[in-house]
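To keep things clear, I will list the structure first and then write my remarks on it.
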Amino acid sequence: MDLGNKKPGKRPMYVYYIIAVAVIFLLNFLVLPSIQEGSMITTDYSTFLSNVERGNVSEATVDGDYIYYLAKQEGREVPCKTVAMDDPNLVERLRQAGVQMSEIAPERQSIVLTLLLSYLVPIGIFILLGRWISKKMMRSMGDAPGGMMSFGKSNAKVYVKSTSGIKFHDVAGEDEAKELLTEIVDYLHNPHKYAEIGASMPKGALLVGPPGTGKTLLAKAVAGEAEVPFFSISGSEFVEMFVGMGAAKVRDLFKQANEKAPCIVFIDEIDTIGKKRDGAGFSGGNDEREQTLNQLLTEMDGFDGSKGVVILAATNRPDSLDPALLRPGRFDRRIPVELPDLQGREEILKVHAKKIKIADSVRFDEIAKAAAGASGAELANIVNEAALRAVRDGRKFATQADFEESIEVVIAGYQKKNRVLSNKEKLIVSYHEIGHALVAAKQTDSAPVHKITIIPRTSGALGYTMQVDEKEHFLMSKEELENKIATFTGGRAAEELIFHTITTGASNDIEQATKIARAMISRYGMSDEFDMVAMENVTNQYLGGDASLACSFETQTILDKKVVDLVSTQHRKALKILQDNIGKLHELAKYLYEHETITGEEFMKILEASGEESL
Ligand code: ADP
Ligand code: MG
Ligand code: ZN
């Protein structure tokens, strides 16, 4: 629904066109001819002739059926007309009387034509041109509702209670965020309660968190709970092709919101317009963004907080926001929407599982455990994948196995059915994966192995060892991190040990191991040299956490060397572990090679079976 069109007092452009054309026609056909003919006397032909003979006519013009002439009357020259007769002597008579004459009266005859050519044709051309341009513009602006006249209006969508219908109970977990938002809902329900004490609600709340954690969902739920109009616009919608349009949209959005108060204005992905202003604005695009941001700041200051307009915004890049947006009186309330914990994951799974048919035996706690680190969106995806898999296999409901498989699909990509590994490759991958699992199992403080598979995935992984923590970890010790690095190097170590050569299959392991090692030294203060000094600062914490170096070139060189030392120490440790358990390595790799997928229990059973190799 587009409210921008319902403004009273604004007539569409074509009304003006019609009025202009009508005025010109009236002038043309009524007024001008009457000026010409108003004082004209119609006489009969004989009067005309007698006037000519008396020498009263100075000028005469023959125009088709009529003769126009000027007759002297009481000293004035009066325009007259008469019906022309078929008179062959007329010309002769007029000449004798010394009357100036012409065949036609150019002025009289062409006055309509002239007007037509000089006014109507250009106007017609203008109208057609205008139409064409506006049509082109509308097309280039996409399907802007309302066409030309909604130019510069915000196209904030209004969600009315009935269309959204999302409530807090649709958002699982995220209890903290919900609690903070409940206050806003309460305020929107009865603003008077707050006004009585003199408390004013924060004007804006900023939902921050990684992608897919339910920020947009929460904002909709607030609107659903509060039962007030909900203006939702995405930051990118403010970015327009014309400079100044974004600012105009902001102005219009707040005008609409003020009219509809109490209401909620939700600006999704606010970082698109709210990025830090950096002075170096060379391109026009930056100027436009800055103007839009300035307008937003002005509007937020301008409106009266007691009116009941609450502004929510969401972002996954809070660090990149302009500080002016975050100061008190603007988005001063920050609501963290973090990745769900174990219990949160279970609840999210249950919320989404309500929409599909599942077997009674499905254990959500198990699935939640296996999906550590998954966001709400990924969990929703896992549930949907499980249902799709059930359909594919022709079952009526989803089972535990469907969920287990769909976790791997979401995390590692689909099983690649047609990628056939040669037997040699399969053997290498088997040893590689068992290498990971064995190193993990032989260290204390390592997460137990949950599943090992050598079925290739569309993501490019040829095999996959899944470890699942029994309980959640919030703190990681130095030893645990070292063990993790050792586990990552375990795959390559097994290849070296058995095949005396190395393959490209460890690239992901290398990446992960390096990441951990680097973070340990540069950010967690886990080296002797650097003590508790940060070498790197994390920027954009919710989007993978890029790190920017914060040390001198010399220190960087030492840092790089320390990272290599740390990884190679763990690599040697992994090699040692595998060497000490080489019998089990062969036995397990052979078993995996034959079965392609083994569970954690199978793995442990073989590992713990009395074997002379385990020392
Ligand atoms: P964000 O805006 O944080 O990137 P969304 O709100 O768009 O994420 O979430 C995407 C989808 O993920 C939602 O539509 C919903 O299906 C699911 N989802 C995310 N978080 C939750 C949650 N806490 N409870 C239930 N569903 C969730
Ligand atoms: Mg979102
Ligand atoms: Zn590996």
Side-chain angles (χ1 to χ4, degrees), residues 164 166-178 181 206-222 232-236 266-272 312-318 335-341 343-356 368 374-384 410 412 428-440 452-454 457 460-467 484-496 502-513 542-543 571 574:
S164 146
I166 294 170
K167 293 277 172 87
F168 275 151
H169 64 71
D170 293 307
V171 188
E174 306 299 348
D175 294 325
E176 265 172 287
K178 277 196 267 186
L181 289 168
L206 186 64
L207 299 159
V208 295
T213 45
K215 298 183 292 296
T216 310
L217 193 68
L218 270 167
K220 284 185 188 168
V222 171
S232 148
I233 189 161
S234 163
S236 58
F266 176 53
I267 306 173
D268 209 350
E269 319 284 351
I270 196 173
D271 41 288
T272 337
L312 293 179
T315 181
N316 37 36
R317 309 211 42 199
I335 300 178
V337 187
E338 299 290 349
L339 286 174
D341 57 7
Q343 201 192 334
R345 288 199 297 274
E346 193 177 333
E347 283 168 27
I348 294 172
L349 283 169
K350 281 179 180 160
V351 164
H352 287 280
K354 271 189 208 136
K355 298 170 198 157
I356 66 167
S375 69
E378 278 165 335
L379 291 167
N381 198 4
I382 285 171
V383 173
N384 192 49
V410 171
I428 294 175
V429 176
S430 300
Y431 272 99
H432 178 106
E433 294 306 328
I434 293 297
H436 285 306
L438 206 52
V439 172
I452 311 167
T453 168
I454 53 166
R457 301 273 149 184
L462 297 179
Y464 177 65
T465 302
M466 188 155 121
Q467 283 173 275
K484 262 194 144 161
I485 298 174
T487 305
F488 278 122
T489 60
R492 165 65 66 86
E495 289 179 41
E496 288 171 80
I502 49 180
T503 67
T504 54
S507 64
N508 186 48
D509 300 334
I510 291 168
E511 201 180 310
Q512 303 274 352
Y542 290 123
L543 296 175
H571 190 174

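In this text, all values refer to a predicted model and were calculated from it rather than measured experimentally. Atoms within a ligand are numbered from 1 in the order they appear, just like the ligands themselves.
- Between NE2 of H432 and OD2 of D509, the angle at the Zn ion (ligand 3) works out to 90°, rounded to 10 degrees.
- Atoms of the protein (N, O or S only) found under 2.8 Å from the Mg ion (ligand 2) are T216 OG1.
- Legend: residues meeting salt bridge (charged side-chain N to carboxylate O under 4.0 Å, His left out) with K350, ordered by chain and number and at least two apart, are E346.
- Panel note: side chain K355, backbone V383; no donor-acceptor pair is recorded below 3.5 Å.
- A donor-acceptor pair under 3.5 Å is formed between the side chain of E347 and the backbone N or O of G173.
- Counting heavy atoms from C-beta outward, F488 and V439 have side chains that stay 4.5 Å or more apart.
- At least one donor-acceptor pair under 3.5 Å links the side chain of K215 to the backbone N or O of G209.
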**Q.** side chain to side chain donor-acceptor pair (under 3.5 Å) assessment of S234 paired with E269
**A.** CA-CA 6 Å; S234 163; E269 319 284 351; over 6 Å; no

Q: Check step by step if side-chain contact (heavy atoms from CB on, under 4.5 Å) holds for V222 and F266.
A: CA-CA 10 Å; V222 171; F266 176 53; over 6 Å; no

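- Remark: T503 engages E495 in a side-chain hydrogen bond (donor to acceptor under 3.5 Å, both in side chains) (not counting sequence neighbours).
- Using modelled atom types, one side-chain atom of E378 and one backbone atom of S375 make a donor-acceptor pair closer than 3.5 Å.
- Between H436 and I452 the shortest side-chain heavy-atom distance does not fall below 4.5 Å.
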For ligand 1, output the ligand-protein N/O contacts shorter than 3.5 angstrom; if there are none, return none.
| unit_1 | atom_1 | unit_2 | atom_2 | d |
| --- | --- | --- | --- | --- |
| ligand 1 | 2 (O) | T216 | N | 3.1 |
| ligand 1 | 2 (O) | T216 | OG1 | 2.6 |
| ligand 1 | 3 (O) | T213 | N | 3.3 |
| ligand 1 | 3 (O) | G214 | N | 3.1 |
| ligand 1 | 3 (O) | K215 | N | 2.9 |
| ligand 1 | 3 (O) | K215 | NZ | 2.8 |
| ligand 1 | 4 (O) | G212 | N | 2.8 |
| ligand 1 | 6 (O) | K215 | N | 3.4 |
| ligand 1 | 6 (O) | T216 | N | 3.2 |
| ligand 1 | 6 (O) | L217 | N | 2.9 |
| ligand 1 | 8 (O) | G214 | N | 3.3 |
| ligand 1 | 12 (O) | A377 | N | 3.4 |
| ligand 1 | 20 (N) | T213 | O | 3.4 |
| ligand 1 | 23 (N) | A172 | O | 2.8 |
| ligand 1 | 24 (N) | A172 | N | 3.0 |
| ligand 1 | 26 (N) | H352 | NE2 | 2.8 |

